[in-house]
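Below: the structure, in structure tokens.
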There are 2 protein chains.
Amino acid sequence: MVNRTNGGANLLALRSHNATLVLDLLRGAGEEGISRLELAERTGLTPQAVSKITARLREEGLAAEAGRRASTGGKPRTVLRLVPEAGHAVGVQLDRDEVRAVLVDLTGRIVAERRAGVDLGSAGADAAVDAVVREARPLAGGVRAGALLGVGVALPGPLDHVRGVLHRVTGFPQWEGFPLRDAVAARLDVPVVVDKDTNAAALGLAVAGEGEGPEEAARSFAYLHLATGLGAGLVIGGAVHRGARTGAGEFGHQVIQLDGPRCTCGDRGCVEALCLAAVARGDLEEAARVLGAGASNLVGLLDIDLVLLGGRTVAAAPDVFVRGVADVLEARARREGAVGGAVPVRPARGGAWGVAAGAAQLVLGGVFGRHG
Amino acid sequence: MVNRTNGGANLLALRSHNATLVLDLLRGAGEEGISRLELAERTGLTPQAVSKITARLREEGLAAEAGRRASTGGKPRTVLRLVPEAGHAVGVQLDRDEVRAVLVDLTGRIVAERRAGVDLGSAGADAAVDAVVREARPLAGGVRAGALLGVGVALPGPLDHVRGVLHRVTGFPQWEGFPLRDAVAARLDVPVVVDKDTNAAALGLAVAGEGEGPEEAARSFAYLHLATGLGAGLVIGGAVHRGARTGAGEFGHQVIQLDGPRCTCGDRGCVEALCLAAVARGDLEEAARVLGAGASNLVGLLDIDLVLLGGRTVAAAPDVFVRGVADVLEARARREGAVGGAVPVRPARGGAWGVAAGAAQLVLGGVFGRHG
DNA sequence: CCCACTTTCGCAACGCTGTTGCCAAAGTGC
DNA sequence: GCACTTTGGCAACAGCGTTGCGAAAGTGGG
């Protein structure tokens with residue numbers, strides 16, 4: 001809850017904060033909905049305050065009443081729900097060989113999707129802008145005017161999330177310093193947000209409720225993505241952790257074998273090098289063990305609650321990887337005599353469209369207060 | 001800015017948030033002080049709001065006017081300063097062979113200190129409580145009634161910061177589950193906060209202004225402590241990151257040599273084992289290189305801004321360790337072509353009393369909003 | 001069927017927040 | 001000495017969540 005300028009908070013910021021909080025709870029309640037009193041309990045606000053806030057949201061068309069619960073001896077609670085059509089966002093995943101784009105509604109449900117094969121490896125940055133615009137525009141066209149909140153773009157490699165500028169994106173060396181966000185925004189004339197693909201995927205998973213315990217609100221997890229490379233998206237306290245230079249989650253080039261085999265990055269003994277080498281020679285168990293060692297380091301450093309695995313390589317043999325990583329984490333927990341047992345490991349849901357859907361959430365974060 | 005219960009914010013929370021923010025800026029300004037208008041700029045609040053807030057703080061005795069700046073062509077700005085005597089806190093560092101305790105004022109300045117050799121290795125938890133009380137009570141006695149805000153206790157190893165309960169503290173296996181916070185609070189009758197020693201040290205450094213750039217507010221850094229063990233305290237966005245189980249910062253048992261030499265923790269190839277082995281055989285360069293490899297992994301994962309080194313082993317040869325770690329980080333930055341150059345490495349200030357002083361900051365965090 | 005009771009939730013008055021408009025205070029500089 | 005700039009307090013204000021209260025909408029016992 002902060003004024004954008006600095007930490008100071010005024011009444012406008014207060015209202016926006018509480019409204020945002022209520023919207024996030026409404027989204028979390030999904031189709032089932034949530035009553036005013038439950039919102040009051042969950043937010044710590046008084047029921048009357050919640051009534052006023054939800055009245056405003058209903059006026060703005062963001063929320064609506066939807067039936068009522070069974071009575072418990074008195075007037076039954078009225079159920080409130082998010083109005084899915086009140087807002088839409090486009091999410092675009094830019095990859096070396098393809099572009100995926102989705103249109104989602106306020107609840108995050110995918111309403112439409114498009115996919116195109118491209119070859120951006122050798123193309124200039126303008127070609128990438130073209131590709132984004134080509135896929136995003138038809139999707140945006142299906143939305144009534146004013147209801148499109150923006151476009152989120154996710155792509156691999158170093159970039160500046162805040163300014164929306166690229167830095168030596170993996171596989172696209174000629175993009176250094178390219179202001180992708182502003183370029184796309186100028187073409188589409190809507191707000192644009194740019195982020196790393198792993199961050200987008202992690203945000204999508206966080207919104208989908210991963211890492212949220214039954215009691216506590218948003219918790220912390222790591223999403224490890226293993227495909228042509230190895231990267232991570234970190235969610236800490238329900239928000240994506242990017243670091244000052246959007247460089248956080250550089251998981252693949254974590255050294256776990258001092259003076260080990262040379263990696264493409266120039267260092268020696270990186271998880272990525274060891275893991276991919278094992279995959280290449282068909283030894284998935286070893287790949288999983290190596291991945292587990294890296295995950296174990298991460299779990300120890302950040303004390304996170306959950307590890308999610310994704311990416312094409314994992315998808316090809318999810319059980320092997322989940323089992324292998326879990327074994328390492330369980331061994332760690334046994335050594336430490338950890339209180340609640342080992343940190344759980346699961347395959348990430350979301351599939352091939354997970355990154356694009358997460359990219360759309362970069363935009364929706366402005367509504368629900370999960371900028372990350 | 002949140003209601004403690006949940007995310008919901010009311011006017012009380014708003015006021016407290018802004019007051020806390022202003023107090024933090026007053027503290028940051030130190031002896032030099034800060035004007036109302038400057039506070040307004042830094043917080044984003046209107047000058048009038050700052051006037052009202054500072055008026056309240058002056059009524060409560062927390063702030064006072066202290067001279068005025070030079071005129072720039074109009075009425076000169078009145079300088080405001082924190083009143084150091086308005087509040088005090090005691091910080092206690094509990095270690096295997098000694099107890100250090102300090103009394104600090106609101107600004108964090110150490111007003112008095114005590115130190116005693118003890119042997120807690122074989123003693124029960126009650127003996128530890130006795131030791132804390134024995135050192136803390138005389139310090140607390142020197143403060144006028146009501147001005148003592150509480151006692152912070154820092155000690156090594158796993159514990160639950162939120163509930164103040166110990167878990168198999170390193171070197172004190174018989175302390176499992178002991179409610180240290182409540183035990184000490186019952187004896188001293190003031191609020192008590194318990195945390196890991198590395199977290200306390202990191203908090204102390206954060207408050208002292210480490211990791212704060214000229215422009216941006218609080219940033220992120222890691223404090224690496226190398227003594228009889230190797231641990232870390234993480235400050236992310238100005239706040240100490242503890243994780244759900246106060247387990248974050250488990251830096252020493254990060255594996256950087258798969259299937260390497262056996263560590264005391266039972267795993268193989270931990271940074272701690274490799275680093276301490278190198279120290280034992282007098283090869284400080286290698287120890288520093290190993291430490292640097294671990295630090296490099298951490299920097300990559302979290303994208304932090306600064307690495308601070310501390311602890312007895314580092315203090316014995318600070319230049320060797322700083323140089324060695326910096327070399328590894330610089331090599332990393334060169335490989336990545338990092339935007340702003342390598343992450344800087346510095347020896348941590350604070351010295352032998354740093355942990356105790358940081359422990360006191362655990363209490364002062366309640367006033368200045370840096371709970372961590 | 002009626003009536004007491006429970007529970008939800010809106011209306012109205014309220015206290016308190018930061019904001020705005022205005023003006024006194026306190027300097028500089030021609 | 002007077003015009004000007006800058007600071008900062010006073011007073012009126014809009015808007016936030018809170019409190020007090022009552023209408024609405026159910027259940028359940030007689």
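Chain A is the first sequence line, chain B the second, and so forth, proteins listed ahead of strands; every chain is numbered from 1. Predicted, not measured: the structure shown is a model, and the values here were computed from it.
Between Val79(B) and Ile34(B), every side-chain heavy-atom pair lies at or beyond the 4.5 Å cut-off. Val193(A) is not listed as a side-chain neighbour of Arg181(A), based on a closest heavy-atom distance of 4.5 Å or more.
Pairs of residues two or more places apart, or lying in two chains, that qualify as salt bridge (Lys or Arg N to Asp or Glu O under 4.0 Å) and include a residue from residues 43-59 of chain B are Arg58(B)-Glu65(B). A salt bridge (Lys or Arg N to Asp or Glu O under 4.0 Å) check over residues 17-34 of chain A, counting only residues at least two apart or in different chains, returns the pairs Asp24(A)-Arg27(A), Asp24(A)-Arg370(A).
Between Arg242(A) and Asp195(A) a salt bridge is recorded (basic side-chain N to carboxylate O distance below 4.0 Å). Taking 4.0 Å as the cut-off between side-chain N and carboxylate O, Asp305(B) and Arg245(A) count as a salt-bridged pair.
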Notebook entry, point to check: Which parts of nucleotides 22-30 of chain D does protein reach within less than 4.0 Å, heavy atoms only, written one letter per nucleotide 5' to 3' as B for base, S for sugar-phosphate only and - for none?
Noted result: --BBBS---
Checklist line | Base versus backbone protein contacts along nucleotides 10-18 of chain C [heavy-atom cut-off under 4.0 Å; B, S, -] | finding: BBBB-BBBB
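For Val162(A), the side-chain contact (heavy atoms from CB on, under 4.5 Å) partners are Asp160(A), not counting sequence neighbours.
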Next item on the list: Please lay out, stage by stage, how Glu38(B) and Arg69(B) fare under the test salt bridge (charged side-chain N to carboxylate O under 4.0 Å, His left out).
Entry: CA-CA 12 Å; Glu38(B) 212 174 327; Arg69(B) 292 228 194 289; 3.8 Å; yes
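Rounded to whole Å, atom P of dC9(C) lies 8 Å from atom CZ of Arg77(A). Between the CZ atom of Arg69(B) and the C1' atom of dA26(C) there is a distance of 17 Å, rounded to whole Å.
Interatomic distance, CG of Leu45(B) versus CG of Leu39(B), reported as 9.5 Å (0.5 Å rounding). Once rounded to the nearest 0.5 Å, the distance linking CG of Asn10(B) with OG1 of Thr46(A) reads 8.5 Å.
Within the helix from dC1(C)-dG30(D) to dC30(C)-dG1(D), the inter-axis angle between the opening and closing five-pair segments is 10°, rounded to 10°.
Looking at heavy-atom distances under 4.0 Å, Ser35(A) makes no contact with the nucleic acid at all.
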